[in-house]
**Student:** 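I am attaching a structure below and will ask some questions about it afterwards.
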Number of protein chains: 2
Amino acid sequence: MRFAQLRYLEAALRTGSFRQAAKELDISQPTITNQVQRLEEDLGVILVTRGAKGVRPTYAATGYCRTLSLRSRPRKCCAPKPAPSAA
Amino acid sequence: MRFAQLRYLEAALRTGSFRQAAKELDISQPTITNQVQRLEEDLGVILVTRGAKGVRPTYAATGYCRTLSLRSRPRKCCAPKPAPSAA
DNA sequence: ATACCTTACGTTTAACGTAACGATT
DNA sequence: AATCGTTACGTTAAACGTAAGGTAT
């Protein structure tokens with residue numbers, strides 16, 4: 001886990017797309033793609049779902065949203081709830 | 001900031017020396033030295049004081065002790081208190 | 001002399017950018 | 001076609017190990 005990766009994730013969730021995030025951070029889109037991928041691998045958790053419209057946070061990522069102090073909750077979360085059944 | 005750097009710091013504070021930490025993590029001592037140095041640079045805060053007896057956490061690092069869930073507070077903290085005067 | 005941490009230097013891994021690609025609307 | 005994310009690949013920076021160097025007990 002690198003601090004930069006969290007910045008990339010934050011920007012992506014806030015703007016709603018990797019492209020926008022890359023533009024804002026003045027880096028290339030592939031960097032966002034690769035680093036978020038690596039972060040997900042390291043954590044063993046999928047953080048965002050990709051689509052032609054952009055990216056959306058998974059439920060796991062909504063926790064990060066709080067951590068990262070995102071002002072506005074970024075769109076809608078994919079998974080509505082974690083279903084607190086068996087741990 | 002890298003997650004590995006926090007692991008190095010945690011081991012160093014828990015064991016009380018870079019040597020012990022390196023041994024436990026099965027890496028070289030210079031790696032601990034360099035990575036803790038870099039972490040301190042990045043944060044702009046000195047985290048440990050070095051001595052012939054080993055390392056001791058500064059007051060700043062005692063916060064990290066809690067974060068890192070160190071069971072036992074590692075020895076004694078160097079600075080007794082931050083003196084909550086002007087911020 | 002022994003036990004620490006630090007500096008120097010070469011090797012290897014990984015982050016990053018450019019370019020090319022696939023998918024969806 | 002336009003917009004968005006992914007894969008491929010070469011370049012550059014950084015992590016790591018080995019070896020040598022100070023400092024204090």
Side-chain angles (χ1 to χ4, degrees), chain A residues 1-62 64-65 68 74-79, chain B residues 1-58 60-61 64-65 68 74-79:
Chain A
M1 180 197 293
R2 286 188 313 133
F3 185 71
Q5 291 171 337
L6 299 180
R7 283 185 42 230
Y8 301 162
L9 175 64
E10 185 275 333
L13 293 180
R14 178 163 41 75
T15 61
S17 83
F18 283 3
R19 290 183 83 84
Q20 285 286 115
K23 195 185 219 172
E24 179 178 308
L25 296 172
D26 197 39
I27 59 177
S28 66
Q29 290 101 341
T31 295
I32 306 275
T33 292
N34 290 323
Q35 291 309 303
V36 172
Q37 271 182 356
R38 176 168 281 273
L39 181 59
E40 289 177 326
E41 282 175 22
D42 289 350
L43 294 175
V45 175
I46 297 298
L47 297 171
V48 300
T49 56
R50 288 83 164 165
K53 294 291 195 67
V55 293
R56 272 191 178 180
T58 60
Y59 188 84
T62 61
Y64 279 99
C65 297
L68 296 169
R75 306 192 173 197
K76 223 186 294 186
C77 175
C78 304
Chain B
M1 180 196 293
R2 287 188 312 138
F3 185 71
Q5 292 171 337
L6 299 181
R7 282 185 43 230
Y8 301 163
L9 175 64
E10 184 275 333
L13 293 180
R14 177 163 41 75
T15 61
S17 84
F18 284 2
R19 289 181 82 83
Q20 285 287 115
K23 195 187 219 171
E24 179 179 308
L25 296 172
D26 198 39
I27 58 177
S28 66
Q29 291 101 339
T31 295
I32 306 276
T33 292
N34 290 323
Q35 290 310 303
V36 172
Q37 271 183 356
R38 176 167 279 273
L39 181 58
E40 289 177 326
E41 281 176 23
D42 290 350
L43 294 175
V45 174
I46 298 297
L47 297 171
V48 299
T49 56
R50 287 83 164 165
K53 294 292 193 68
V55 293
R56 272 190 178 182
T58 60
Y64 278 100
C65 297
L68 296 170
R75 307 194 175 196
K76 224 186 293 186
C77 175
C78 304

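Every value quoted in this text rests on a predicted model; they were computed, and no experiment measured them. All heavy atoms count here, side chains included; hydrogens, waters and symmetry mates do not. Chain identifiers are assigned alphabetically (A, B, ...) following the order of the sequence lines, protein sequences preceding nucleic acid strands; residue numbering begins at 1 within each chain.
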**Student:** Give, for atom CG of B:Leu39 and atom CD1 of B:Ile46, the distance between the pair rounded to the nearest 0.5 Å.
**Tutor:** 10.5 Å
**Student:** Please find the pair of heavy atoms, one from B:Leu47 and one from B:Ala61, that lie closest to each other, and give the distance.
**Tutor:** O-CB, 3.0 Å
**Student:** If I take atom CZ in residue B:Arg19 and atom P in nucleotide D:dT18, what distance separates them, rounded to the nearest angstrom?
**Tutor:** 13 Å
**Student:** Of all of residues 21-29 of chain A, which get a heavy atom below 4.0 angstrom from DNA chain C, listed by number?
**Tutor:** A:Ile27, A:Ser28
**Student:** Does B:Thr33 have any side chain to side chain contact (heavy atoms under 4.5 Å, CB included) partners at least two apart in sequence or in another chain, and if so, which?
**Tutor:**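 By the side chain to side chain contact (heavy atoms under 4.5 Å, CB included) rule, B:Thr33 matches B:Phe18, B:Gln37.
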**Student:** Atom CG in B:Leu25, atom OG1 in B:Thr31: separation rounded to 0.5 Å?
**Tutor:**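 OG1 of B:Thr31 is found 10.0 Å from CG of B:Leu25.
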**Student:** So if I take the C1' atoms of five pairs at each end of the helix from C:dA1-D:dT25 to C:dT25-D:dA1 and get each local axis, what angle do the two axes make, rounded to 10 degrees?
**Tutor:** 20°
**Student:** If only side-chain N and O atoms of B:Tyr8 are considered, is one of them under 4.0 Å from the OP1 or OP2 phosphate oxygen of D:dC16?
**Tutor:** yes
**Student:** Output the residues of residues 31-47 of chain B in contact with DNA chain D, where contact means a heavy atom of the residue under 4.0 Å from an atom of the strand; sort by number or write none.
**Tutor:** B:Thr31, B:Gln35, B:Arg38
**Student:** If you round to the nearest 0.5 Å, how far is OG of B:Ser17 from CZ of B:Arg56?
**Tutor:**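 Rounded to the nearest 0.5 Å, the CZ-OG separation comes to 14.0 Å.
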**Student:** Listing request: all salt bridge (charged side-chain N to carboxylate O under 4.0 Å, His left out) pairs with a residue in residues 28-48 of chain A, at least two apart in sequence or in separate chains.
**Tutor:** A:Glu40-A:Arg50
**Student:** What is the distance, to the nearest angstrom, from the CG atom on B:Leu9 to the C1' atom on D:dA15?
**Tutor:**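 The distance from CG of B:Leu9 to C1' of D:dA15 comes to 17 Å, rounded to the nearest Å.
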**Student:** Could you give the start and end, 5' to 3', of the contact zone on DNA chain C for chain B, using atoms under 4.0 Å from its heavy atoms?
**Tutor:**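 That gives a stretch of C:dC4 to C:dT7.
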**Student:** Any protein N or O atoms within reach of nucleotides 20-25 of chain D? Criterion: under 3.5 Å, listing atom names and distances.
**Tutor:**
none

**Student:** Could you give the side-chain donor-acceptor pairs of residues 2-10 of chain B under 3.5 Å, partners two or more places apart or in another chain?
**Tutor:**
unit_1, atom_1, unit_2, atom_2, d
B:Arg2, NH2, B:Gln35, OE1, 3.2
B:Gln5, OE1, B:Arg2, N, 2.9
B:Gln5, NE2, B:Gln35, OE1, 3.0
B:Glu10, OE1, B:Arg14, NH2, 3.1
B:Glu10, OE2, B:Arg14, NE, 2.6
B:Glu10, OE2, B:Arg14, NH2, 3.4

**Student:** Under the side chain to side chain contact (heavy atoms under 4.5 Å, CB included) rule, collect the residues that match up with B:Gln29, sequence neighbours excluded.
**Tutor:**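 Scan of B:Gln29 (side chain to side chain contact (heavy atoms under 4.5 Å, CB included), adjacent residues dropped) gives B:Arg19, B:Ala22.
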**Student:** Step by step, work out the side-chain contact (heavy atoms from CB on, under 4.5 Å) result for B:Val55 and B:Val36.
**Tutor:** CA-CA 11 Å; B:Val55 293; B:Val36 172; over 6 Å; no
**Student:** If I compare all heavy atoms of B:Thr15 with all of B:Ala21, which pair ends up nearest, and what's the gap?
**Tutor:**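 That closest heavy-atom pairing would be OG1-N, 3.6 Å.
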**Student:** Taking all non-hydrogen atoms of both residues into account, name the closest pair between A:Leu13 and A:Val48 and its distance.
**Tutor:** CD2-CG1, 3.6 Å
**Student:** Distance check needed: D:dT3 C1' versus A:Arg50 CZ, whole Å only.
**Tutor:** 17 Å
**Student:** With a cut-off of less than 4.0 Å, is there a side-chain N or O of B:Arg2 near OP1 or OP2 of D:dC16?
**Tutor:** yes
